[in-house]
Trainee: 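The structure under discussion is supplied below as structure tokens; questions concerning it will follow.
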Amino acid sequence: MDTSTPAPDYARLRQQQRDLAAQVELVDAFQGLPGRIAGVDTGFEEGGSITRSAAVLLDGQSLQPLHSALARRPTALPYIPGLLSFRELPAALEALAQLPAPPALVMVDGHGIAHPRGLGIAAHLGVLTGLPSIGIGKSRLVGDYEEPGPQRGDHSPLLFKGRQVGWVLRSKPRCKPLFVSPGHRVSVAQCLPLVVACLAGYRLPEPTRLADRLASRR
DNA sequence: GCGACAG
DNA sequence: ATCTTGTCGC
């Protein structure tokens, strides 16, 4: 008999993204710096057959890690640009749910609304959990922009289909810029200062940097 | 048809 | 994302 998994219906997944994108809220759910911030990132083991997600909870003021969690799952889908969230979200949500306390904001490695259909992994995670979220991409998926200045903090708007979907941020001198976009319940204007406030001398903001260490390296 | 394309 | 050590430059 055939024990293989049925072929994923990519057209269905894309339609699901359009439906969920309609639920994204780009209005700030809080003011100032949240007391607890979570960072989420995903890596792979065994040549890609195992998906490994990490979630780290940090104190929003000191940026010190309070707790961390790991989740492993058999990889269900291949990597397809634009459909990344369906591949990484199952494990990422599991890791996030293992944290002892819910964060007031989640920073995810990947894009927010800077996506072909407005639902990058950070936006997808935000809509499913109801939590405010921000996407931190390390390279461009969609949008046009001017190269930001060389100083830490220099930035320029990321434009897509006639509107601003995020920012391109020089988080560290001599390093490639970061692509910052809101996920859910955070405004385009506020996602930038929130990420800048989490920078601690590295290219990636602390939440995502710490989650990356657990999901990939160590 | 051709080029682009998160992790 | 992952396979992989040392090495050049700031």
Side-chain angles (χ1 to χ4, degrees), chain A residues 8 10-11 13-14 16-18 20-21 24 39-56 70-96 106-128 133-145 149-152 154 158-161 165-184 191 195 201-205 207-218:
Chain A
Y10 300 123
L13 298 182
R14 294 191 176 89
Q16 193 175 137
Q17 292 183 317
R18 296 186 190 90
L20 290 173
V24 169
V40 173
D41 187 31
T42 299
F44 296 87
E45 304 177 345
E46 307 303 314
S49 61
I50 299 298
T51 299
R52 168 177 159 175
S53 291
V56 178
L70 275 181
R72 287 188 179 75
R73 288 199 169 195
T75 300
L77 292 176
Y79 164 67
I80 296 174
L83 296 181
L84 172 72
S85 63
F86 292 103
R87 171 177 161 89
E88 304 187 349
L89 224 40
L93 290 174
E94 189 180 317
L96 191 60
V106 183
M107 301 208 334
V108 186
D109 188 296
H111 296 287
I113 64 170
H115 174 280
R117 291 166 292 284
L119 196 82
I121 188 168
H124 197 158
L125 180 151
V127 170
L128 293 188
S133 63
I134 295 175
I136 311 296
K138 299 188 292 299
S139 65
R140 189 200 80 107
L141 175 57
V142 297
D144 302 303
Y145 65 94
Q151 306 295 311
R152 171 184 180 287
D154 284 346
L158 177 62
L159 280 27
F160 183 54
K161 291 183 174 177
V165 295
W167 309 85
V168 182
L169 169 69
R170 185 75 65 190
S171 55
K172 180 178 181 178
R174 298 180 302 287
C175 282
K176 294 193 306 178
L178 255 31
F179 294 75
V180 180
S181 62
H184 185 54
C191 70
V195 171
Y202 298 89
R203 180 163 85 120
L204 298 180
T208 289
R209 188 180 74 82
L210 297 179
D212 178 272
R213 297 200 323 184
L214 294 178
S216 300
R217 321 180 180 305
R218 191 171 290 184

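The basis for the numbers below is simple: all heavy atoms, side chains too, and nothing from hydrogens, waters or symmetry mates.
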Trainee: Going from OH on A/Tyr145 to CG on A/Leu169, what distance comes out if it is rounded to the nearest 0.5 angstrom?
Mentor: 12.5 Å
Trainee: Identify the 5'-most and 3'-most nucleotides of DNA chain B with at least one atom closer than 4.0 Å to a non-hydrogen atom of chain A.
Mentor: B/dA4 to B/dG7
Trainee: Restricting to ring-ring contact (aromatic ring centres under 6.0 Å, His included), what partner residues turn up for A/Phe44, sequence neighbours left out?
Mentor: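 By the ring-ring contact (aromatic ring centres under 6.0 Å, His included) rule, A/Phe44 matches no residue at all.
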Trainee: Partners of A/Lys172 by salt bridge (Lys or Arg N to Asp or Glu O under 4.0 Å), sequence neighbours excluded?
Mentor: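 Salt bridge (Lys or Arg N to Asp or Glu O under 4.0 Å) list for A/Lys172, sorted by chain: empty.
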Trainee: According to salt bridge (Lys or Arg N to Asp or Glu O under 4.0 Å), who are the partners of A/Asp109, at least two apart in sequence or on a separate chain?
Mentor: A/Lys138
Trainee: Tell me, please, which residues at least two apart from A/Asp154 pass side-chain contact (heavy atoms from CB on, under 4.5 Å).
Mentor: A/Pro150, A/Gln151, A/Arg170
Trainee: Per the salt bridge (charged side-chain N to carboxylate O under 4.0 Å, His left out) rule, what does the pair list look like for residues 72-82 of chain A, sequence neighbours excluded?
Mentor: A/Glu45-A/Arg72, A/Arg73-A/Glu94
Trainee: Report, one pair per line, the protein and nucleotides 2-10 of chain C atoms (nitrogen or oxygen only) whose separation is under 3.5 Å.
Mentor:
{"residue": "C/dT2", "atom": "OP1", "partner": "A/Phe44", "partner atom": "N", "Å": "3.4"}

Trainee: Looking across every strand, which nucleic acid part, if any, lies under 4.0 Å from A/Gly47 by heavy atom: base, sugar-phosphate, or nothing?
Mentor: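 Result for A/Gly47 = nothing.
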Trainee: Runs of at least three consecutive Watson-Crick or G-U pairs, both distances under 3.5 Å, are what I'm after; which ones involve DNA chain C?
Mentor: none
Trainee: Listing request: all side-chain hydrogen bond (donor to acceptor under 3.5 Å, both in side chains) pairs with a residue in residues 76-89 of chain A, at least two apart in sequence or in separate chains.
Mentor: A/Ser85-A/His124
Trainee: Extract the stems that DNA chain B is part of, considering only consecutive pairing runs of at least three Watson-Crick or G-U wobble pairs, both distances under 3.5 Å.
Mentor: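 Detected stem regions: none for this strand.
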Trainee: If the condition is salt bridge (Lys or Arg N to Asp or Glu O under 4.0 Å), which residues does A/Arg209 pass it with, not counting sequence neighbours?
Mentor: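 Listed in chain order: A/Glu206.
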Trainee: Regarding A/Ile136, tell me which of base, sugar-phosphate or nothing describes its non-hydrogen contacts under 4.0 Å with the strands shown.
Mentor: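 No contact at all - A/Ile136 keeps every heavy atom at 4.0 Å or more from the nucleic acid.
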Trainee: Please list, chain by chain and in numerical order, all residues satisfying salt bridge (Lys or Arg N to Asp or Glu O under 4.0 Å) with A/Arg140, sequence neighbours excluded.
Mentor: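 Partners of A/Arg140 under the salt bridge (Lys or Arg N to Asp or Glu O under 4.0 Å) test: none.
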Trainee: Just to be sure I understand the rule, does A/Arg140 reach a base, reach only the sugar-phosphate, or reach nothing, if contact means heavy atoms closer than 4.0 Å?
Mentor: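 Sugar-phosphate, no base atom in range.
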Trainee: Could you tell me the separation between the CZ atom of A/Arg213 and the C1' atom of C/dA1, rounded to a whole number of Å?
Mentor: 19 Å
